[in-house]
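A note on names: the letters A, B, ... follow the listed sequences, proteins ahead of strands, and every chain is numbered from 1. If you're wondering where the values come from, they're calculated on a predicted model, not measured in any experiment.
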Amino acid sequence: MGPEFYDRPVVLVAQDLVGCVLAHAGTSGVIVETEAYHQSEPAAHSFGGRTERNRIIFGPPGRTYVYRSYGIHALFNVSAMRDGIGAGVLVRALEPVDGVDLMRARRGLQRELDLCSGPGKLTQALDIELKDNNQDLLAGPVTIAPRPPGWEQVELVSGPRIGITRAMDLPWRFCARGNRNVSKPWPPGLLDGAG
DNA sequence: CATGGGATTGACT
DNA sequence: GTCAATCCCATGC
């Protein structure tokens, strides 16, 4: 996945990231849920201009933006669009692939569907923390690889984004149809056709 | 420098 | 369905 992948409209980047493989520290998973955020809408951290926290998503595309949520969880994002535009994609869920037992140890849970089925869960499973903020995805250690065999034609189900209080009308949440690793609440029709 | 709130999760009624 | 945990950062004095 070259640098040009992230230098596109953030909604397209969010859609195309579903099916790609996120990897870090001996663990990896297929991205099955994303959300797009853009400076033009009030649910985005970048709405209202550049600050010390959100400066990453205003910077060059293809970098990690990791921030602390509710004092407990680290949430993982990818910066999108050219330098100067405040846009990013929140990765909300993975289907575990490599290092599943390591994920179990980090999460303190056994059930595979509980390992990466939420934005705070997958960062714990992959050991992504604030130390991984503002890193180049092409250089690592956090990497994103193109869709592997079987995922090229993944079907998307879109819906409103989760956990926000503003701009709830935008259908900027994208989920892999039929995949039970998607975080709840599931969008209508998630399991139709492929479940 | 003090304060308020959040792109969540897990436990509990 | 409700609710607390807990920390970073943005804002305001």
Visitor: Report yes if some heavy atom in the side chain of A/E129 is under 4.5 Å from a heavy atom in the side chain of A/T123; otherwise report no.
Guide: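 A/E129 vs A/T123: side chains apart.
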Visitor: Where along nucleotides 5-13 of chain C does protein come under 4.0 Å, by heavy atom, of base (B) or sugar-phosphate alone (S), with - for untouched nucleotides?
Guide: BBBSSS---
Visitor: Where does DNA chain C pair, written as one dot-bracket string 5' to 3', with Watson-Crick or G-U pairs under 3.5 Å, ( ) inside the strand, [ ] for crossing pairs and | for another strand?
Guide: |||||.||||||.
Visitor: Donor-acceptor pairs are to be reported for all side-chain atoms of residues 141-154 of chain A against protein atoms at under 3.5 Å, with residues two or more places apart or in another chain.
Guide:
{"from": "A/R147", "atom 1": "NE", "to": "A/V18", "atom 2": "O", "distance (Å)": "2.7"}
{"from": "A/R147", "atom 1": "NH1", "to": "A/E152", "atom 2": "O", "distance (Å)": "3.1"}
{"from": "A/R147", "atom 1": "NH2", "to": "A/Q15", "atom 2": "O", "distance (Å)": "3.4"}
{"from": "A/R147", "atom 1": "NH2", "to": "A/V18", "atom 2": "O", "distance (Å)": "3.0"}
{"from": "A/E152", "atom 1": "OE1", "to": "A/G150", "atom 2": "N", "distance (Å)": "2.9"}

Visitor: Under 4.0 Å between any heavy atoms, over every strand shown, what does A/L75 touch: base, sugar-phosphate, or nothing? Just pick one.
Guide: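 Sugar-phosphate, no base atom in range.
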Visitor: Strictly below 4.0 Å, heavy-atom distances to any atom of DNA chain C: list the hits from residues 158-176 of chain A, or just say none.
Guide: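 Output list: empty, so none.
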Visitor: Check side chain to side chain donor-acceptor pair (under 3.5 Å) between A/D114 and all other residues, then give those that pass, not counting sequence neighbours.
Guide: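 Counting only residues at least two positions away or on another chain, A/D114 forms a side chain to side chain donor-acceptor pair (under 3.5 Å) with A/R111.
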Visitor: Is A/R161 reaching over with its side chain to a backbone N or O of A/A167, donor-acceptor style, under 3.5 angstrom?
Guide: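 Present.
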Visitor: Could you list where the contact with chain A starts and ends along DNA chain B, reading 5' to 3', using a 4.0 Å heavy-atom cut-off?
Guide: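 Both ends considered, the range comes out as B/dG6 to B/dG10.
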Visitor: Quick one: which of A/N134, A/N133, A/N77 gives a side chain to side chain donor-acceptor pair (under 3.5 Å) with A/R63?
Guide: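 Answer after filtering A/N134, A/N133, A/N77: A/N134.
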Visitor: Check side chain to side chain donor-acceptor pair (under 3.5 Å) between A/D169 and all other residues, then give those that pass, not counting sequence neighbours.
Guide: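 Testing A/D169 for side chain to side chain donor-acceptor pair (under 3.5 Å), a comparison that skips the adjacent residues, returns none.
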Visitor: Who are the side chain to side chain donor-acceptor pair (under 3.5 Å) partners of A/R82, not counting sequence neighbours?
Guide: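 Once residues adjacent in sequence are excluded, A/R82 has no partner under the side chain to side chain donor-acceptor pair (under 3.5 Å) criterion.
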Visitor: How would you list, by chain and number, every residue that makes a side-chain contact (heavy atoms from CB on, under 4.5 Å) with A/P160, sequence neighbours excluded?
Guide: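 Here no residue qualifies.
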Visitor: Kindly write out the residues that satisfy side-chain contact (heavy atoms from CB on, under 4.5 Å) with A/A93, not counting sequence neighbours, or none if the list is empty.
Guide: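 Once residues adjacent in sequence are excluded, the partners of A/A93 under the side-chain contact (heavy atoms from CB on, under 4.5 Å) criterion are A/V32, A/E33.
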Visitor: Please name all residues satisfying side-chain contact (heavy atoms from CB on, under 4.5 Å) with A/R50, sequence neighbours left out, ordered by chain then number.
Guide: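 A/R50: side-chain contact (heavy atoms from CB on, under 4.5 Å) contacts with A/N54, A/R55, A/F58.
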Visitor: Can you find a side-chain donor-acceptor pair between A/R180 and A/S117 that sits under 3.5 Å?
Guide: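 Side chains of A/R180 and A/S117: no pair found under 3.5 Å.
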Visitor: Quick one: list whatever passes side chain to side chain donor-acceptor pair (under 3.5 Å) with A/Q124, sequence neighbours left out.
Guide: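 With neighbours one apart ignored, the set is A/R107.
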